[in-house]
Amino acid sequence: MNRILLRATLAAAAAAAVVLLAVFGVLEWADLAGNASTTAATQADSVRDVLAGGGPIDAVRAAIARTSLGQSGNLGVRLPDGTTIGSVHTSDVRLAPVPLPNGTTAVVATYQPTWAVLGPWLARMGVLVVGGVLAVGVAAAVGRRRNRPLVDSVRAIVAATASVGRGRTGIEIPASGAPEVTELIALLNEISVRVEALIASEREFVADLSHRLRTPLTALRLDSESIGDGPVAERVRHAVLALEMDVDDLIRTASRVTTLAAASCDAAKVVGDRMAFWATLAEHQGRRCEFDCGGEQALVGLTDKELGAVVDALVGNVFQHTPAGTPIAAAVVRYAGWVTLVVEDGGPGIVNTATALRRGASSRGSTGLGLDIARHAVVATGGTIHVDRGRLSGARIRLRFAEAGSHHEPAPRAWRLWSHSADLPAQTRR
């Protein structure tokens, strides 16, 4: 920004200097040309007075020699008999007829060379140009000094916003002299405080809600312990235990100071782990479960648990809203700075894709939060979510995450590779 302001100051000062030099140049030229014409007329009049008085030729010659034009060979007299005294040029001369006492007429000729005016004009313009350059330099120095507080304030704003992006809140930015920048700083400080308050409120809400879940979970755990033995009973007890651990983790997380610190995880690994878990449940329901996570690391700006929650929400929707035996597939594709997660099924699909991403919207009696969880997660990384019909003839959810630490192409189409990845060897669980 300092360079931009400096260039603007230099451009404005230079433009003003050029305009002033042009105006002064025209005025100086007119002044010098007028002075030269006046001088030439005055010297011609002095010679004409000698001629009109009937002075001898030597007197006329002496009068011409006393003038500067005569000394430079630019003033002369042509007598009636054709005799020339001094120098008479053949072109660009000013002629002044002089009646002589004997009734004849002589002519006084003056010549004004261009260099006689151009030389002094160039000298004066040189002085003005040097003065203009010095003035531009002084303007640049003063402008840089005057702009320093503004530049420092903008740098402080950039540093503060970067700190908020890294998770720090409640940042105080020093005020600036510019009223607009001061107002912007005040708004940013207010936003920072507001964000901190919202995070604290959300943390308290999560802690309260998680604590309320403990009572029914305790009752559910006691009931699960009384249902006897067997694989089904063990699976139920394992699910209850995992749910209790998740609730406890929520309470512990909410009790700590929450930050917005940047996080990242390997999407290929997380999706692979979660799909391996769901593949076991799919086997019990006779579902064909396919997932291809690629052979390379695909980092996204989410934690393992956040991305795992997205996968669980999407796959859980399939198990909840499609009948047993419905196939399910998932894939992770990394391309052009984007990581695309595709989850699809062979069910009836989503009837109204326009309202499917609205929070709480559901046509099947559920909470309608599954897709909203996915949408929030993908938007947090700067990506997008798409809902349409896939190759299994059911719903297809495509999440395009911005790859962490990578440059993103302006118009990526990573999801188009899904049609190609479907033909690749996949890890299959039946």
Side-chain angles (χ1 to χ4, degrees), residues 165 195 198-199 201-203 205-206 209 246 250 253 258 260 262-268 270-271 274-275 278 291 293 298-322 328-345 347-390 392 394-404 406 408-418:
V195 168
L198 290 174
I199 292 176
S201 176
E202 182 180 2
R203 185 169 62 247
F205 173 76
V206 172
L209 181 60
D246 288 340
L250 280 176
T253 303
T258 305
L260 300 176
S264 65
C265 69
D266 184 2
V270 174
V271 174
R274 297 313 303 160
M275 289 304 298
W278 285 104
F291 55 98
C293 299
L299 296 179
V300 296
L302 298 172
T303 64
D304 294 357
K305 292 186 177 181
E306 289 172 336
L307 184 58
V310 171
V311 178
D312 290 344
L314 296 179
V315 179
N317 277 348
V318 177
F319 277 80
Q320 183 179 0
H321 300 302
T322 61
I328 181 174
V332 175
V333 180
R334 175 177 175 268
Y335 177 73
W338 300 88
V339 177
T340 300
L341 167 62
V342 181
V343 177
E344 62 176 320
D345 61 72
I350 297 176
V351 178
N352 191 345
T353 58
T355 61
L357 297 178
R358 294 180 184 175
R359 183 175 180 85
S362 175
S363 60
R364 299 179 181 269
S366 64
T367 61
L369 298 180
L371 287 179
D372 188 66
I373 292 173
R375 182 179 64 84
H376 274 288
V378 73
V379 170
T381 70
T384 56
I385 181 172
H386 301 267
V387 179
D388 57 9
R389 187 170 293 276
L392 298 180
R396 178 170 62 180
I397 313 299
R398 299 178 294 175
L399 305 177
R400 188 187 64 183
F401 299 94
E403 185 177 6
S406 176
H408 314 311
E409 296 295 331
R413 292 294 183 269
W415 58 81
R416 289 181 178 176
L417 297 182
W418 168 246

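Just so it is clear, the values below take in all heavy atoms, side chains as well, and ignore hydrogens, waters and symmetry mates.
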Self-check item: For the student: nearest non-hydrogen atoms of Ala374 and Ile385, plus distance
Solution: CB-CD1, 4.2 Å
Quiz prompt | From Lys305 atom NZ to Asp312 atom CG, the distance as rounded to the nearest 0.5 Å | solution = 12.5 Å
Quiz item: If you take all heavy atoms of Thr381 and Phe401, which pair is closest and at what distance?
Solution: OG1-CA, 3.7 Å
Practice problem: Could you tell me whether the side chain of Val311 reaches within less than 4.5 Å of the side chain of Leu341, counting heavy atoms only? | Solution: yes
Quiz item: Looking at Cys265 and Val270, what are the two nearest heavy atoms and their distance?
Solution: SG-CG2, 4.1 Å
Practice problem: Could you grab the distance from atom OG of Ser264 to atom CG of Leu302, nearest 0.5 Å is fine? | Solution: 9.5 Å
Quiz item: What's the spacing between His376 NE2 and Leu371 CG if we round to 0.5 Å?
Solution: 11.5 Å
Self-check item: Test item: Val342 and Val333 side chains (from C-beta on) under 4.5 Å apart, heavy atoms
Solution: no
Quiz item: Say you draw a straight line from CD1 of Ile328 to CG of Asn317; how long is it, rounded to the nearest 0.5 Å?
Solution: 9.5 Å
Quiz item: Short question: side chain of Asp266, backbone of Ala298 - any donor-acceptor pair under 3.5 Å?
Solution: yes
Quiz item: Roughly how far, to the nearest 0.5 Å, is the SG atom of Cys293 from the CZ atom of Arg334?
Solution: 14.5 Å
Quiz item: Can you check whether His386 reaches Asp388 side chain to side chain, under 4.5 Å on heavy atoms?
Solution: no
Quiz item: Less than 6.0 Å separating the ring centroids of Phe319 and Trp278?
Solution: yes
Quiz prompt | Main-chain N/O of Gly382 paired to Arg400 side chain as donor or acceptor, under 3.5 Å | solution = no
Practice problem: Nearest 0.5 Å please: distance from the CD1 atom of Ile397 over to the CZ atom of Arg375. | Solution: 13.0 Å
Exercise. Using side chain to side chain contact (heavy atoms under 4.5 Å, CB included) as the criterion, point out the one residue from Val310, Thr340, Leu307 that pairs with Leu399.
Key: Val310
